[in-house]
Visitor: 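Just passing along the structure, written as structure tokens.
In what follows, chains are A, B, ... by sequence order, proteins preceding strands, each numbered from 1. Any value given below was found using the heavy atoms of this structure, including those in side chains, with hydrogens, waters and symmetry copies removed.
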Number of protein chains: 2
Amino acid sequence: MQIEPEDLVPAAAATATATVRPGAGAELRVMALQQFAAVGFAGTSLQQIAASAGYSKSSVLYHFASKDALLGEVLTPAIERLEAILGGFTSTSENAASRHRFIEDFVDFLLQYRLEVHVLINQAQSLKGIAVIDRARALIVRLGDALCQEHATTIDRMRFGVALGGAAYSLVAGLTFFDEDITPTDDLRPALITLLSELLAPVAVRTTQPRK
Amino acid sequence: MQIEPEDLVPAAAATATATVRPGAGAELRVMALQQFAAVGFAGTSLQQIAASAGYSKSSVLYHFASKDALLGEVLTPAIERLEAILGGFTSTSENAASRHRFIEDFVDFLLQYRLEVHVLINQAQSLKGIAVIDRARALIVRLGDALCQEHATTIDRMRFGVALGGAAYSLVAGLTFFDEDITPTDDLRPALITLLSELLAPVAVRTTQPRK
DNA sequence: GCAGGAACTGACCGATCGGTCAGGTAAGGT
DNA sequence: ACCTTACCTGACCGATCGGTCAGTTCCTGC
């Protein structure tokens, strides 16, 4: 890993050609993300990424130092967004309102970065050496701790895992099983909020209420 | 690694047999399944599978016609078990008892074939051409139809997706995030049954539980 | 002893992998 | 005009991929 040469809108701010050029780097990131989510990081070749964006393999390696670095740049925005959400949640006093607010933020995060989340959730274990992946793993552990706190029973931990894995699955992989072109985001958001509230609320209530 | 293949199959080879041979083939299936679940089908090479079992790559291709065929033999037992469970469920009249019975069977299935399920759930879309994968995809769609029936609102479908993806995730991928060596199966089973009942029961008995 | 089959392997094949390198092209500043 | 810089590419590299094939070893039935 190293510092990337530079590709983020250098000429865009320079002159008025910004409208014509969306930027090769950004375009490659999008195509790479789609392929990583569809067939996995190991199953995606630089050749395929380049071809799907209309470039050559050498161009990909010009914009990104390596395949690993490309993965890092693809996933980093999602990780930073989630870190911000988690930071905002842990810095406030925990109650039903703050937890509901967190779930709403988290659902919006899932909807915006669904492909990134899918890659992180399903391939984190197989990409353990890569820096951005380790960072994401640590973040997910922190997320679990923040929601479950110290006295984590098996079912509490599993509520978190099911909510996380289930949301990631149903937003990407699950849709491919049935004919899609359905399920607009407007429909998905309230459904997800309801489901995650059901799954995660008991974990919260447990910390405030003595017993049931 | 280690493993001397001969002490695993001493007597089995003695008697003539038309059935499936326990021995090298079974051992290779186990190692292949672990690798497929850990690093993905595309990320697993025949070389790695062979080495982890103490054989050569040629041996793998002697026992299995191809890498795809190996995947097929690895996943088929799980698919057939799930087909049997689903068949038993759809052939009975649907009520709360039969549905609870189905969830118990399904949880036991998940626990027994957790690696196979993980592979199917997370890699089905990227392996679409392979016969056993297409068979599993059709089965999962049938499973969703059986549980959701015709009046499938977005949240109902999502309950099924979250339950399926969440269970598969928390049984394999989720465990690797936290310190494992915990979560014995005895603990997992009732927790899973509780969670899946919560998620899937409302789909069945929409009229019973008007939440909040 | 010997024939024959099952189990297993090394050598090898064409294709593709991630990655390097030299060079080409167009735009801009001077 | 000249040089620099950003962008992009084809040719090439060693390694590894899935798969084929000829051959060796060992066991069993005759």
Visitor: Distance check needed: C:dG19 C1' versus A:Q47 CD, whole Å only.
Guide: 12 Å

Visitor: Within the 4.0 Å heavy-atom criterion, would you say B:L61 contacts the bases, only the backbone, or no part of the nucleic acid?
Guide: base

Visitor: Check the pair A:T92 / A:F102 against side chain to side chain contact (heavy atoms under 4.5 Å, CB included), numbers first and verdict last.
Guide: CA-CA 10 Å; A:T92 65; A:F102 167 77; over 6 Å; no

Visitor: Just so I know, are the side chains of A:M31 and A:L28 near enough to count as touching, which here means a heavy-atom distance under 4.5 Å?
Guide: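 Side chain of A:M31 against side chain of A:L28, heavy atoms only: no contact under 4.5 Å found.
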
Visitor: Do the non-hydrogen side-chain atoms of A:F89 and A:I103 ever get within less than 4.5 Å of each other?
Guide: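 A side-chain contact under 4.5 Å is absent here.
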
Visitor: Any side-chain N or O of A:S58 less than 4.0 Å from the OP1 or OP2 oxygen of D:dT9?
Guide: no

Visitor: Find the distance B:I49:CD1 to C:dC8:P and express it as a whole number of Å.
Guide: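 These atoms are roughly 16 Å apart.
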
Visitor: Would you say B:Y62 reaches C:dA7's phosphate, i.e. side-chain N/O to OP1/OP2 under 4.0 Å?
Guide: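 For C:dA7, OP1/OP2 do have a side-chain N/O of B:Y62 under 4.0 Å.
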
Visitor: Rounded to whole Å, please give me the gap between NZ in A:K67 and C1' in C:dC17.
Guide: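 Spelled out: NZ on A:K67 to C1' on C:dC17 is 8 Å.
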
Visitor: Indicate yes or no: does A:E198 engage B:R159 in a salt bridge with an N to O separation below 4.0 Å.
Guide: yes

Visitor: Using atom CZ of A:F64 as one end and atom P of D:dC7 as the other, report the distance to the nearest whole Å.
Guide: 12 Å

Visitor: Out of D:dT9, C:dG18, C:dC17, which nucleotide sits closest to the side chain of A:K57?
Guide: C:dG18

Visitor: Could you give the OH-to-C1' distance, from B:Y55 to D:dG19, as a whole number of Å?
Guide: 20 Å

Visitor: Could you tell me whether the phosphate oxygens of D:dA6, OP1 or OP2, come under 4.0 Å of any side-chain nitrogen or oxygen in A:H63?
Guide: no

Visitor: Take a 6.0 Å sphere around CZ of A:R135 and say whether it holds more than 12 heavy atoms from other residues, nucleotides or ligands.
Guide: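 Yes, because the 6.0 Å sphere around CZ of A:R135 holds more than 12 heavy atoms from other groups.
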
Visitor: For the side chain of A:S45, starting at C-beta, report the closest nucleotide among D:dG19, D:dG10, C:dG18.
Guide: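 So the nucleotide nearest the side chain must be C:dG18.
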
Visitor: Would you say a side-chain N or O of A:S59 is under 4.0 Å from OP1 or OP2 of D:dT9?
Guide: yes

Visitor: Given C:dC17, D:dT9, C:dT9, which nucleotide is nearest the side-chain atoms of A:S56?
Guide: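 Given the options C:dC17, D:dT9, C:dT9, the side chain of A:S56 is closest to D:dT9.
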
Visitor: B:L46 has an atom CG; how far is it from atom P of C:dC13, in whole Å?
Guide: 20 Å

